[in-house]
Amino acid sequence: MELLLDSIFNGIAIGSVLLVAALGLAIVFGLMGVINLAHGELMMLGAYTTYVTQLIFKLPILKPFYNWYVIISIFLAFIVSGVVGIILEKTIIRKLYGSPLETLLATWGVSLILQQFVRSVPLSYGSGLIISLLIGMVLPLFFPTKIKESIKFKYYKLASWSFATLIGILSAELISSLISKLGRASSRNVDVTAPAWMRGQIEILGNTFPKTRLMIIIITLISVIAIICFLNQSAWGIRIRAVTQNRQMCDCLGISTEKVDVITFGIGSGLAGVAGVAVSLLGSVGPNVGGNYIVGCFMVVVLGGVGNLLGTIFASFGIGIMTDLIGAGRLLNIWPNMPLSLSNTINFFATTSMARVMIFALIVIFLQFKPSGLFPQKGRMVES
Amino acid sequence: MSKLIEIKSLNIFYGESHILRDIDLSVKAGEMVCVIGRNGVGKTTLLKSLIGLLKTKSGEINFLGENINRQMPHQRARKGIAYVPQGREIIPYLTVEENLMLGMESLPGGLSKNKKIDDFIYELFPILKEFLSRKGGDLSGGQQQQLSIARALLGEPKLLLLDEPTEGIQPNIILDIESAVTKIILEKGIGVLLVEQHLHFVRQADRYYAMQRGGIVASGDSSELSKEVISKFLSV
Amino acid sequence: MNTKNIKINGRLKFIFWVLLIAFVVAAPSLLPVFRLNLLGRYLSLAIVALGVDLIWGFTGLLSLGQGIFFTLGGYCVAMYLQLNSSSEFPNNIPEFFALYGVKDLPFFWAPFKSLFFTLFAAWLIPALVAAILGFLVFRNRIKGVYFSILTQASLLVFFNFFNGQQKLINGTNGLKTDVTQLFGQMVGSELIQRYFFWITVFLVITAWFFSKWLIKGRFGNILIGIRDDEPRVRFTGYNPVLFKTIIFSIAGALAGISGALYTVQSGIVSPQFMTVPFSIEMVIWVAVGGRGTLLGAILGAVFINYAKSLVSEALPASWMFIQGGLFILVVTTLPQGILGWLYSESPRNLLQRFGFIRKIKTYPSLEINKNGES
Amino acid sequence: MRISRRILAGLATASIATTLTSCGGGSKTSGSFDDSVTVGILHSLSGTMAISESTLVDTEIMAIEEINASGGITIDGKSYKIEYIIEDGASDWPTFAEKSKKLIDQDKVPVVFGGWTSASRKAMLPVYESKDAFLYYPIQYEAQECSNNIFYTGATPNQQSEPATEFMYKRSPAAGGDFFLVGSDYVFPRTSNTITKAQVKQLGGRVVGEDYLPLGNTEVAPIISKIKKALPSGGIIINTLNGDQNVAFFKQIQDAGITPSEGYYVMNYSIAEEEISTIGPEFLEGHYGAWNYMMSIDSPASKKFAANFKKRWGSDRVVADPQESAYNMVYLWKQAVEDAGTFDDNAVRDALIGQKFDAPQGPVEVMPNHHLSQTVRIGEINSEGGFTILEETDVVLPQAWNQKHPSSKGFACDWTDPSKGEKYRL
Amino acid sequence: MKSDTENLLSLVDVTVNFEGFLALNNLNLKIKRGELRAIIGPNGAGKTTFLDVITGKVKPTKGQVIFKEISLIGRKEHKIARLGVGRKFQSPRVFENLSVQENLELSVSSPKSPLHLLKKNIIKDQLEEVFQLMKVVNLTKKNDIKAGALSHGQKQWLEIAMLLGQKPDLMLVDEPVAGLTDEETDLTADLLKSLAGKNTVLIIDHDMDFIRRLDCKVTVLNQGAVLFEGNMDTIQNNQKVIDVYLGRPD
């Protein structure tokens, strides 16, 4: 029993990372049918955002608030990855709706470019670019309706973009002069250090539990609840769900489907950014950080059943617990007197390497029996 | 009466094939106009091009005196055109209530600001009130049709485009729908452009246009809709 | 007008072929050894690209796991070569075993002592693995992106397995072939490499004709049918699972052959061939060259790889940008690929049947307008 | 227009690699040479390994520039300037083989300095053997290899892990404790741990567990739970994880209470100053490392090496053991060429053995088995991000074939004696 | 079993339950050999599910489907097709990227094994059959044109021709005249009528004129069960049918 509890704790710890990483993907894949292979790179941007935020909070003025930089970086990461996601949607994804395989290939290209981008461009300029994009996109929204409807709107837009560019350059300058580390390109991995109150462990039910993992679970829970509330309660939630099911009709009803697409993709991408914060607390931050998660994320989404958040939750914790059970060879402890051949097999897979093999193999086998995952969409509507 | 919508020599292509040719048509406020014709003559295409789902190749679509040729469907919807498509197209996984709320998206402020469903809908279609929390996809065909019309009406449109609202629907519900449509025209003074094969309904219209092979070949008052005209253009 | 176009097209094609053949024949004497070796390797990649084209371009199955079969083929020949040259090592087993304290040859190595067996195994084993994997997936009607994701997951299973099994197949390090012996010669020697080049050229052409033959007749039509409307195929009385399994396994066999040739020419096979990017790259070659056009697959594989090697020599960091950009460009603006796009310029062309050309859409019951002036 | 210049500068630094390659040979000195010789440098400039390997490129360039500044290579009174071609191995082992072929066949370089991972070396080895070319490889590795075509300037296990294991078992605060072995899943950790297991057994200790993390995977939770199960109250952890996996490992073991204050001591074989600064000393303080060179060595040669490097590449840069090895190998090649009086491979190979060099770590000498005799140091990681050197051995001779590993016990390598060669029984 | 020999197809108590929604509800139906049968019913009456059950696309929750004295339950679609059940879909489904002739070759080819198809040329008899079929549906001149370029009506006819090419014992035809002109509708009706006797044909459609022209036994489905069976005249006068489906005669 104690062993099992132990496994469940470990499994939840592992699964929460998978869940937070897969959440954004589940939305983009489930609601829009877009296979976003750049999801991992959007996570990477979130992780780098955490790093930059950390350095900025080390500046003398902000030093008193250093302990809270992680909280701030969650919001910033959401915005940064969200902005990049929106740009992606507006430039590339938009052309490819309805052909998921094409989105898969195009976003792979995007992921290559993003990876190389953070290797080659100093973080300060990257931040400046993001700031420009953000201002350029947001500013026109605040223009009075009169300007928005006038023919000269495009000139106003141009002006606001130039302004945004200027601000971007200035802030890049500012960052690189304040923090020289950010002013240079580096392919070296960097590291985020959690503030002291988030390090160490606490005791729950007689088990010790690392605080960072707990933090990740909290971030994940908040994200999940926020997303569920957003989708079910808000006006945009209704619009998003409606457009997912019948795009043309929604357009005819007066919903701007373009806006819905942008928002949906932006939120999915933003969640990737949040996942990036979580991941940065556990390991190092580098160009490949997201790539390590992407296939696992897809397995979670497919295993849970596409378009089903509940399934995503179950799948990630399920995979987490299985990883612990297999990887740590716990079955042997639970059932010590098993036949030799079986225990040999279990021992063979009781390494982290082989556990990964086993988990993926099990998922592939599981999908043999339930091809549409744990919680398939069902009912007569599927038939039509 | 002013013209609600006026179409002048409209031409529509599907890929390389010419679907609508030189269509001239108009609907006034408070008027029910019916388009008749066999399957595939382009009636649905006509409605789709009016709501903006198809691009206009040449010609003009004027709504309330403004050219809306280049506007997107959602922009046209917000101007006051509501579309009830063939096959209802309600949103299956949304509840009936949410489906109805979607109808109010074309009001100023959209559904973020309009959440209360007007009671007149329940007077027209009492069944909807019972099923508010049901999934739209679980309703029967006739109920879905009522939902679809109700949804369109909630946007307080000036022009209602109805595409074969009686197709494949039980006769008793057809009557409900017919009376509801006539009632709203009377009460709200909106214009209705109806594509219909069901003769009983067609006869309720004020005017008709008959289509053949992508063009309008006859038009006039519904009272003039003689047996010959019907057998010539409709094979019911 | 049209006929004229076709004639010009035909002449262009003829010139193209003459130039191509001339180049291939002259290559060994024109190119320095290193470049020739590269060309040989890239040509061998063209074979796996043909397989990808068969399953993706024609049958609509986007596999992101072709690396599995490619690598399996490579391991087969590498195992033979290692065994063939391990007589001087302790216990007469390949050198690396000693590192991990292995004294007895693992059982599955034994058959690879035979050249005859190896020549079959290099394509038969990948084909079998593909058939099993494919059957399991297709049987459950898993298709589209789910198929892609599953093949990618399978790729990871194999990658992790090969990477983690030092005692069986030398793990991450892989198996080297350059210093092994074949017919008394060192495999890495110029002489043997030259032979491999010719074998590769021969096999590419063979694979090409084989693929052409496959897709030309009714068999190919069924594949296209499966791609466009699988239920219809089923209701017509064909078993799509069988056809898909067959074509997937053929693509697996091609990948195996390709991997074997690639291995002997690059001197090593390692789990590195089973990383996710490499398998996606295979798809890119086909996408860029032109899916649904066999020649496009071959040219795409050769040219992109050559470009990669040239660009990365000059500007190592920029290749990722170029590759990523190429991807996005092809997918968003040239969905038929370069060759497909070139072909589509000619009005009546054969490739129309493969569906990468703008379809003429009609609306129900309206005939295409014969006097469609307006 | 200060701003735009800054941006340009930013973009320029953006691709150090780009600039380097397109420049071909970096010619800082305008001194007159009679001729030039082009050598090959082959490391990963892109992909996962670029992080580590680019520092080696920097060091090798610095060494070449130093040599050129002092007059280049002199053969028969004729002075040669060293030029270099940099190729990108792209963190992909087969690419290393491909690029080696290019350097040898196309560019016809007399020597290639390159490689980092064992897998990349294993991939290149057949190329150099089949073409009878010469590779200089600068990283500490698992040994069990002795090629006539490779010159290894990094430590063999008996020059790093063996003294370290002994230290941990006999003299560390956890002396006498149980061992747990953690590593990335590839050949170096696996082999190194096989040796460690044999050694611990000899010493009378116990290895209570080992686990390997697949490369690229950073989920270390299962390993941590294994460690806590196997070492409930502290012990010795031998860590051979690779690169960024270390970051995840140290962050998370600290969170899980696996710290020196709880009685857990980690001995690291792949964490040098560079890595400490990335991971953060707060996670590593109190753990150990074993190297031949540590930046904190208080000798003029060491200080000069570090100072020169900072001067050439930036004041915040650090030097570490792999860089020192890379530095040494360029100088040793120069000396061997000058001794041989020719760039010819075989002559240089003969001349190489017995070369001595006053390296930053102290004197080193090339042994007949193509490895270096070196000094081994055990250090404790301090809060400044460096090592506090606790122990320093005498010069240790390299064992290409490890004497504790069951498969190679009793074997050695000697290329000076034709009857002995790659592997002979002692 | 003996009594069943005259029935080519019989459905016994077939129920299909989609998560609580009864698409078919204890449906019982028998079709004789050589019979021409029309099926009508309001939307959602279960007509398409009924075809799905016969062709193996949907597995019934309970009940039996017997075809030529063989149970079809649990068989794969292609196996059922090979047993002799052919199906034409509601909206025409032909292989748009293949030519008319290639489409027909695929349906005519037999046996349907991969090895057989790899043989380069189609058997001569079968090729003649293809040309025969093209003549029947008036597509001879368009044999080289990709099916995707055909008009809607031509696609409908091509699909019917493909169905004929399969030489099924039972033809299931779903809305064959949707979107056809009057003339085409009449021709289709005649064609289908001519097939009866030799083949067993089951037609689903909305178009009452077309059904009347078929002049056959009509089954009315409602809410997943048979509401009424009879010829067109009796149906038109049946109060139940009028209530749920036909409405008041105009």
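Lettering of chains follows the sequences in order, A, B, ..., and the numbering in each one begins at 1.
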**Request:** Just give me the residue among C:Leu214, C:Ile222, C:Leu242, C:Val241 that pairs up with chain E most often, heavy atom to heavy atom, under 4.5 Å.
**Result:** C:Ile222
**Prompt:** When you look at C:Asp229 and E:Phe95, which way does the side chain to side chain contact (heavy atoms under 4.5 Å, CB included) test go after all the steps?
**Reply:** CA-CA 7 Å; C:Asp229 192 346; E:Phe95 301 120; 4.2 Å; yes
**Message:** Check this for me: does any side-chain nitrogen of one of C:Arg218 and E:Glu102 sit under 4.0 Å from a carboxylate oxygen of the other?
**Reply:** no
**Message:** If you count heavy-atom pairs within less than 4.5 Å of chain C, which of E:Gly86, E:Gly56, E:Ser109 leads?
**Reply:** E:Ser109
**Fill in**
Output for pair (C:Phe243 CZ, E:Lys112 NZ), nearest 0.5 Å, gives 9.5 Å
**Message:** Heavy-atom pairs under 4.5 Å with chain C - which of E:Glu159, E:Met162, E:Lys76 has more of them than the others?
**Reply:** E:Glu159
**Message:** So which atom in C:Ile224 and which in E:Asn97 form the shortest heavy-atom distance, rounded to 0.1 Å?
**Reply:** CG2-CB, 4.0 Å
**Request:** Assess whether side chain to side chain contact (heavy atoms under 4.5 Å, CB included) is satisfied between E:Lys57 and C:Arg234, documenting all intermediate values.
**Result:** CA-CA 10 Å; E:Lys57 196 176 165 200; C:Arg234 216 174 268 139; over 6 Å; no
**Item:** CG on E:Leu98 to CG on C:Asp228, rounded to 0.5 Å
**Value:** 7.0 Å
**Prompt:** Between atom CD1 of C:Ile246 and atom OG of E:Ser113, what is the distance when rounded to the nearest 0.5 Å?
**Reply:** 8.5 Å
**Request:** Measure distances from C:Phe235 to the heavy atoms of chain E and classify the residue's part below 4.5 Å as side chain, backbone, both or neither.
**Result:** both
**Request:** Please test E:Arg82 against C:Asn239 for side chain to side chain contact (heavy atoms under 4.5 Å, CB included), starting from the C-alpha separation and ending with a verdict.
**Result:** CA-CA 10 Å; E:Arg82 286 186 203 168; C:Asn239 183 3; 4.1 Å; yes
**Message:** Is the shortest side-chain heavy-atom distance between E:Pro114 and C:Tyr238 below 4.5 Å?
**Reply:** no
**Request:** Report, as yes or no, whether the 6.0 Å neighbourhood of atom CG on E:Asn138 holds more than 12 heavy atoms from other residues, nucleotides or ligands.
**Result:** no
**Fill in**
Cut-off 4.5 Å, heavy atoms of chain C, and the answer for E:Lys79 is neither
**Asked** Would you say E:Lys135 has more than 12 foreign heavy atoms packed within less than 6.0 Å of its NZ?
**Response** no
**Item:** Nearest non-hydrogen partners of E:Arg93 and C:Arg232, listed with the distance
**Value:** O-NE, 2.8 Å
**Request:** Let me know if E:Glu77 has heavy atoms under 4.5 Å from chain C in its side chain, its backbone, both or neither.
**Result:** both
